[in-house]
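This report refers to the structure that appears directly beneath it.
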Amino acid sequence: MTTDFEAFFGDSRPRVLAPSILAGDHANLAGSLAEVECDGRRWVHLDVMDGHFVPNVTFGPQTVADLRRRTNVFLDVHLMMECPHQFLDAFAEAGSDLISIHVEPDYDHADALSRIRGLAKRSGIVINPETQVEKIFPFLEQVDLVLCMTVRPGFGGQAFMENVLDKVRTLNELREKEGYRYLIEVDGGVTPENLTLCTNAGADVLVAGTAYFKADASTRKAFAELAGEPT
Ligand code: DX5
Ligand code: ZN
């Protein structure tokens with residue numbers, strides 16, 4: 001399968017259901033990826049956790065590189081790291097398509113975002129539920145995607161925080177008004193039941209871990225259709 005990645009970022013802003021393989025089998029992530037790909041999904045979310053910024057540890061650039069060798073899907077790499085700026089080259093080299101970094105830790109965000117684009121990757125800024133949306137305003141011009149966390153980052157399987165949708169609405173209005181080009185992604189606790197709330201608020205990319213992996217084939221199909229993706 002080949003995918004026209006540019007279409008994700010085109011004027012039509014297609015909606016995407018993005019399975020998070022955090023909820024897959026970590027002893028067989030290639031198998032989890034193949035499952036997602038067989039199901040027709042074209043965008044996969046990869047959660048990198050460093051044990052400092054979040055109280056959990058997952059995987060690093062080697063795993064991303066090994067997955068890259070097995071797939072052509074769009075690899076959306078969400079760096080939950082205290083020092084993401086020290087790993088941008090490694091994750092770019094590994095074959096990430098999009099690299100997203102959190103606004104909360106203290107480093108030069110503008111420089112890191114411009115380095116991501118300099119590495120010919122799509123750039124994303126991530127904001128936690130408790131962080132004021134204004135904190136990302138200085139970076140909106142230099143990102144391809146804004147990721148609004150709808151749970152506290154660190155673990156899959158948590159409850160969706162609906163109040164974060166206010167942030168999604170603000171960012172949706174802002175991009176209309178100012179002509180920004182970013183996509184809006186939501187991540188955490190997304191289910192077939194709350195997905196429409198997210199899309200109505202303006203979300204384009206819907207990350208789903210637990211709800212996706214625990215679903216049977218027909219629920220997955222319904223999930224993707226709700227997201228507005230072809231199945
Ligand atoms: C949480 C991660 C999410 C996680 C979502 O820290 O960033 O991507 O995989 O999983 P669910 O859908 O189970 O909340
Ligand atoms: Zn994530």
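Below, all heavy atoms of this structure are taken into account, side chains as well, without hydrogens, waters or symmetry copies. When a ligand or atom number is given, it counts from 1 through the structure's own listing order. Please read all numbers here as calculations on a predicted model, not as lab measurements.
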Which of the ligand 1 atoms, numbered from 1, are nearer than 4.0 Å to a heavy atom of [X]:
X: His78; result: 7 (O)
X: Met149; result: 7 (O)
X: Met49; result: 6 (O)
X: Thr210; result: 11 (P), 12 (O), 13 (O)
X: Met80; result: 6 (O), 7 (O)
X: Gly157; result: 11 (P), 13 (O), 14 (O)
X: Pro153; result: 6 (O)
X: His45; result: 8 (O)

For [atom], what is the closest protein heavy atom, and at what distance to 0.1 Å?
atom: atom 9 (O) of ligand 1; result: Ser20 OG, 2.7 Å
atom: atom 14 (O) of ligand 1; result: Gly189 N, 2.8 Å
atom: atom 12 (O) of ligand 1; result: Gly209 N, 2.8 Å
atom: atom 3 (C) of ligand 1; result: Asp187 OD1, 2.9 Å

When you compare the side chain of [Y] with that of [X], does any pair of heavy atoms fall below 4.5 Å?
X: Glu185; Y: Trp43; result: yes
X: Asp111; Y: His85; result: no
X: Phe59; Y: His26; result: yes
X: Asp166; Y: Val133; result: no
X: Phe91; Y: Ile116; result: no

> Cationic tip of Arg220 within the cone over Phe213's six-membered ring, i.e. under 6.0 Å and within 45° of the normal?
Replying inline: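 Checked: cation-pi criterion met.
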> So which heavy atom on Met161 is nearest to which on Val151, and how close?
Replying inline: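 Taking Met161 first and Val151 second, the nearest heavy atoms are SD-CA, 3.8 Å.
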>> Just checking His102 against His109, ring centres under 6.0 Å apart?
In response: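 When the ring centroids of His102 and His109 are compared, they turn out to be at least 6.0 Å apart.
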>> For the CD atom on Gln132, are there more than 12 heavy atoms of other groups (residues, nucleotides or ligands in this structure) within a distance under 6.0 Å?
In response: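 Open: at most 12 neighbouring heavy atoms sit under 6.0 Å from CD of Gln132.
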> Do any heavy atoms of Ala23 fall under 4.0 Å from ligand 1?
Replying inline: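 No, that is not the case, since the closest heavy atom of the residue is not under 4.0 Å from the ligand.
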> Applying a 4.0 Å heavy-atom criterion (strictly less than), which segment of Leu22 is in contact with ligand 1: side chain, backbone, both, or neither?
Replying inline: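 Answer for Leu22: side chain.
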> With a 4.0 Å heavy-atom cut-off (strictly under), which part of Phe155 contacts ligand 1: side chain, backbone, both or neither?
Replying inline: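 Backbone only.
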>> If you take the nearest heavy atom of each of Gly154, Gly156, Ala18, which one is closest to atom 6 (O) of ligand 1?
In response: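 Considering heavy atoms of Gly154, Gly156, Ala18, the nearest to atom 6 (O) of ligand 1 sits in Gly154.
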>> As a test of understanding, state which of Asp76, Leu79, Leu67 forms a side-chain contact (heavy atoms from CB on, under 4.5 Å) with Leu46.
In response: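 Testing each of Asp76, Leu79, Leu67 against Leu46, the sole residue satisfying side-chain contact (heavy atoms from CB on, under 4.5 Å) is Leu67.
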>> Less than 4.0 angstrom from a charged side-chain N to a carboxylate O is my criterion; do Lys135 and Glu104 meet it?
In response: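 Looking at Glu104 together with Lys135, the answer is no, because their closest N to O distance does not fall below 4.0 Å.
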> Could you walk me through whether Arg122 and Glu6 pass the salt bridge (Lys or Arg N to Asp or Glu O under 4.0 Å) check?
Replying inline: CA-CA 10 Å; Arg122 296 286 177 172; Glu6 294 312 305; 2.4 Å; yes
> Can you list the steps and then say if Lys221 with Glu225 is a salt bridge (Lys or Arg N to Asp or Glu O under 4.0 Å)?
Replying inline: CA-CA 6 Å; Lys221 189 168 163 15; Glu225 275 169 5; 3.1 Å; yes
> Can you tell me if Asp66 and Thr63 form a side-chain donor-acceptor pair at under 3.5 Å?
Replying inline: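 Side-chain D/A pair, Asp66 to Thr63: absent.
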>> I need the protein N, O or S atoms closer than 2.8 Å to the Zn ion (ligand 2), given as residue plus atom name.
In response: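 Near the Zn ion (ligand 2), the protein supplies His45 NE2, Asp47 OD1, His78 ND1, Asp187 OD2.
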